[in-house]
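Written out below as C-alpha cells is the structure these notes cover.
Here is the naming used below: chain letters follow the sequence lines, and residue numbers restart at 1 for every chain. Computed from a predicted structure; not experimentally measured.
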Amino acid sequence: MSGFRAPRGTQDILPEEQPLWHYVRKKAEEICCNYGYGRIDTPVFEATGLFTRGVGQETDIVEKEMYTFNDRSGGSFTLRPEGTAPVCRAYIEHGMNSLPQPVRLYYLAPAFRYERPQAGRMRQHHQFGFEVIGDGSALVDAEVIRLAWRFFELLGLSRLSIVLNSIGCRQCRPVYLEKLKSFYEKNTDKLCPDCRVRLEKNPLRLLDCKQDKCQPLAMEAPGSVKHLCPDCLSHFELLEKYLAIAGIDYQISHRLVRGLDYYTRTVFEVLPEDKGSQSTLGGGGRYDGLIQEIGGRPAPAMGFAAGIERIILNLNRQGISVPALPRPDVLLAYTDGETRDEALAVSEGLGSSGIGSVLGREGSSLKSQLRQANNLGMKLAVIIGSDELREGRAVVRDLQKGTQETVSRKDLGLVLTASLNI
RNA sequence: GUGAGUGUGGCCAAGUGGUCUAAGGCGCCAGGUUGUGGCCCUGGAGAUCGAGGGUUCAAAUCCCUUCACUCACCCCA
C-alpha cells in the first residue's frame with residue numbers, strides 16, 4: 001500500500017457504486033421537478049461568518065467541526081458544513097425575495113464536518129436538500145414533510161417513520177426553556193455528567209440524551225408542544241391537519257430537538273426501522289429567523305436535508321436493486337496493424353450511429369481480446385481480420401449464444417442494432 | 001475529544017519465535033499449434049507481513065511507540 005490515501009472520513013466512489021448514486025440523484029431531481037423546485041448549486045466554500053452567524057455559535061458544528069482556512073487574501077472561509085445557510089445567502093444575494101413567493105430550491109452537494117468517522121458518518125458526505133423560502137404557512141411545513149416522505153417512498157425504502165415536534169418561537173421558547181430547566185434542576189442528582197453541562201449550555205439537548213439514567217427523566221420532562229404560544233400552537237395544529245389530509249403518518253416526540261440553532265416551530269426527522277447509531281436518514285424544520293440573521297429582509301422558511309450515504313446504506317440493507325448504467329455491448333477485435341486501423345474507423349462509425357464499442361487491447365491475440373470481451377460482459381464481439389478487411393466484411397459473434405455470422409461491413413450498424421434491440 | 005477492536009499481494013485469507021527470501025482461493029495476464037471468449041489444465045506478474053524502534057543467535061509471529069481502518073460515545077445527514 002503506497003503513501004497516499006483518501007483523507008480520513010472521505011471516500012472514493014468507484015464505478016461499481018455509481019449506479020446507486022445515480023439512482024438516488026435521479027429520483028431526487030425527478031421528484032423535485034414534480035413539486036416545482038429549482039436546482040441550486042452554491043460554492044463548496046463560503047465566508048466563515050455565514051455559518052457562525054447562521055448555524056449558531058453554540059452548535060457543535062461551529063464549535064468544533066468546521067473546515068476553516070484563510071486564503072491568500074487573508075479572508076476566512078469554511079467548507080460548507082450544511083446546505084441551508086448557503087442557499088439562504090444565495091436567496092438574499094440574488095434578490096429572490098422579489099420573485100413570486102415562496103421560492104422553492106433544492107440541492108445535491110457535498111458537506112464537510114471534522115468528526116470521527118463511523119458507520120453512516122463521514123467527514124465529507126453528500127446531502128440532498130430542499131428549502132421553501134418566503135412563506136410561513138403550515139401548508140409549506142406539510143409540503144416539505146410530504147416531499148421528504150414521498151422521496152423515500154420513490155426510492156423504494158420501506159419501514160421508515162417520521163418523528164415530529166414543535167420547539168416554538170422566540171416568544172414561547174424562552175418560557176418553555178425555563179420550565180424545562182426548573183424541572184431538571186430539581187433532579188440534577190439523577191443526571192449523567194454530560195447532562196449537567198447541557199443544563200447550563202443547551203437545555204433542549206437534555207431531552208435526547210441516550211444515557212440510561214437520563215431516560216426516565218427525559219420521558220417525564222415537560223414537552224414543548226404543551227407550552228407553545230397561541231400562534232405556534234395553531235401553526236402546529238394546522239400542520240397536523242394537513243398531514244392527515246395528505247395521508248402521512250408520524251409520531252410526535254417532545255424529545256426531538258435538532259442541533260442547529262436556527263430552527264423555529266416545526267422540526268422533524270425521518271428514521272429507519274432498525275435505528276442504530278447515526279441512523280437518521282434526514283431531518284429538517286422551519287427556520288423563520290435565519291434569513292434576517294444573515295442580513296436579508298425577514299423571510300420565513302422551511303427545509304429538509306438527507307444524507308445520501310445513509311440512504312445508500314439503507315437501500316443496501318433493504319436489498320433494493322437499482323438499474324445498471326448504460327455501457328457498450330460491443331468489443332471490436334482485430335488481428336494486426338491494418339485491421340486495427342479499420343477497427344478504429346469502424347468504432348467511430350458505430351459511435352456516430354449511437355452504438356457504443358470498445359477496442360480490443362493493442363498487442364493482444366484474438367483469443368485474448370475475446371477473453372477481454374467476455375470479462376467486460378460484452379454481448380457481442382465484432383472481429384475484423386485480414387480476410388474480412390480484404391472482403392469488406394466483419395464477423396459478428398454473439399458471446400451469449402456462442403454463434404457468429406459474417407456480414408458486410410456496410411451493414412454492420414444495422415446488424416448490431418438488430419442484435420442489440422436498440 | 002473519549003473508548004474498544006483490527007491491520008499479511010487488488011480482494012479474501014493460512015501462518016502465533018527458526019522448515020516463511022510467506023500457503024491457498026478470487027481476480028488479473030499469458031499459453032494449451034493453424035485468426036475465436038466463457039469450463040478445464042499449465043504458467044506468470046504481484047507482499048520490504050501498516051510504519052518505526054526494541055528483545056533474541058533467529059520475529060509476520062514477543063515488547064514499546066506510532067499511523068491507519070472499523071465500531072461505539074459525543075453530535076449529526
Between [X] ([atom1]) and [N] ([atom2]), how many Å, whole number?
| X | N | atom1 | atom2 | answer |
| --- | --- | --- | --- | --- |
| A:Asp261 | B:C75 | CG | C1' | 13 Å |
| A:Arg340 | B:G35 | CZ | P | 19 Å |
| A:Glu16 | B:G10 | CD | C1' | 11 Å |

Counting only distance, no hydrogens or angles, is the base of [N] paired donor-acceptor with the side chain of [X] under 3.5 Å?
| X | N | result |
| --- | --- | --- |
| A:Arg8 | B:C67 | no |
| A:Lys367 | B:G32 | yes |
| A:Arg205 | B:C75 | no |
| A:Arg116 | B:G1 | no |

Report yes if a side-chain nitrogen or oxygen of [X] is closer than 4.0 Å to either non-bridging phosphate oxygen (OP1 or OP2) of [N]; otherwise report no.
| X | N | answer |
| --- | --- | --- |
| A:Ser365 | B:U36 | no |
| A:Gln118 | B:C71 | no |
| A:Asn375 | B:G27 | no |
| A:Thr280 | B:A77 | no |
| A:Asn374 | B:C39 | no |
| A:Ser386 | B:G35 | no |
| A:Arg371 | B:C39 | no |

Taking the side chain of [X] as heavy atoms from C-beta outward, which of [options] is closest to it?
| X | options | answer |
| --- | --- | --- |
| A:Leu366 | B:A30, B:A77, B:U36 | B:U36 |
| A:Ile383 | B:G31, B:U2, B:U36 | B:U36 |
| A:Arg121 | B:A30, B:C73, B:G35 | B:C73 |
| A:Arg5 | B:G1, B:C74, B:A68 | B:A68 |

Under 3.5 Å side-chain donor-acceptor pair for A:Glu143 and A:Tyr242: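 The answer is no; no qualifying pair exists.
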Judged by modelled atom types alone, do A:Glu131 and A:Tyr37 share a side-chain donor-acceptor pair under 3.5 Å?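 Looking only at side-chain atoms, A:Tyr37 and A:Glu131 do not form any donor-acceptor pair under 3.5 Å.
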Pick base, sugar-phosphate or nothing for [X], based on heavy-atom distances below 4.0 Å to the nucleic acid.
| X | answer |
| --- | --- |
| A:Gln369 | nothing |
| A:Gln11 | nothing |
| A:Ala119 | sugar-phosphate |
| A:Glu82 | nothing |
| A:Ile61 | nothing |
| A:Asp387 | base |
| A:Leu281 | sugar-phosphate |
| A:Gly385 | base |
| A:Arg361 | sugar-phosphate |
| A:Gly402 | base |

Is it true that A:Arg150 and A:Glu153 have a side-chain N and a carboxylate O under 4.0 angstrom from each other?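 A salt bridge links A:Arg150 with A:Glu153.
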SB check A:Glu65 A:Arg123 (cutoff 4.0 Å):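 Between A:Arg123 and A:Glu65 there is no salt bridge, as every charged N stays at least 4.0 Å from the carboxylate O atoms.
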Residue among A:Phe268, A:Tyr263, A:Tyr107 satisfying ring pair (Phe, Tyr, Trp, His ring centres under 6.0 Å) with A:Phe304: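 For A:Phe304, the ring pair (Phe, Tyr, Trp, His ring centres under 6.0 Å) test succeeds with only one of A:Phe268, A:Tyr263, A:Tyr107, which is A:Phe268.
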5′-ward residue of the pair A:Thr59/A:Thr335 relative to RNA chain B: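 Looking at RNA chain B, the more 5' nearest nucleotide goes with A:Thr335.
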Go nucleotide by nucleotide along RNA chain B from the 5' end; which of A:Met122 and A:Pro117 gets its closest nucleotide reached first?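 By nearest-heavy-atom nucleotide position, the 5'-most residue is A:Pro117.
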Please assess A:Ser158 against A:Gln318 for the test side chain to side chain donor-acceptor pair (under 3.5 Å), listing each intermediate value before the final yes or no. CA-CA 8 Å; A:Ser158 53; A:Gln318 296 193 11; 3.2 Å; yes
Are any side-chain N or O atoms of A:Asn421 and backbone N or O atoms of A:Thr417, one a donor and one an acceptor, separated by less than 3.5 Å?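 Here the side-chain-to-backbone pair does not exist.
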Go through A:Gln372 and A:Ser364 one step at a time and tell me if the side chain to side chain donor-acceptor pair (under 3.5 Å) criterion holds. CA-CA 10 Å; A:Gln372 289 160 36; A:Ser364 294; 3.2 Å; yes
Consecutive-pair stems (at least three Watson-Crick or G-U pairs, under 3.5 Å) that include RNA chain B: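 Ordered by first number, the stems with RNA chain B (at least 3 consecutive pairs each) read B:1-7 with B:67-73, B:10-12 with B:24-26, B:28-32 with B:40-44, B:50-54 with B:62-66.
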A:Lys179: which residues meet the salt bridge (Lys or Arg N to Asp or Glu O under 4.0 Å) condition with it, sequence neighbours left out?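 Per chain and number, A:Lys179 pairs via salt bridge (Lys or Arg N to Asp or Glu O under 4.0 Å) with no residue.
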By a 5.5 angstrom centroid cut-off and a 30 degree plane limit, is there stacking between A:His125 and B:A77?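 Taking the rule of under 5.5 Å and under 30°, the ring of A:His125 does stack on B:A77.
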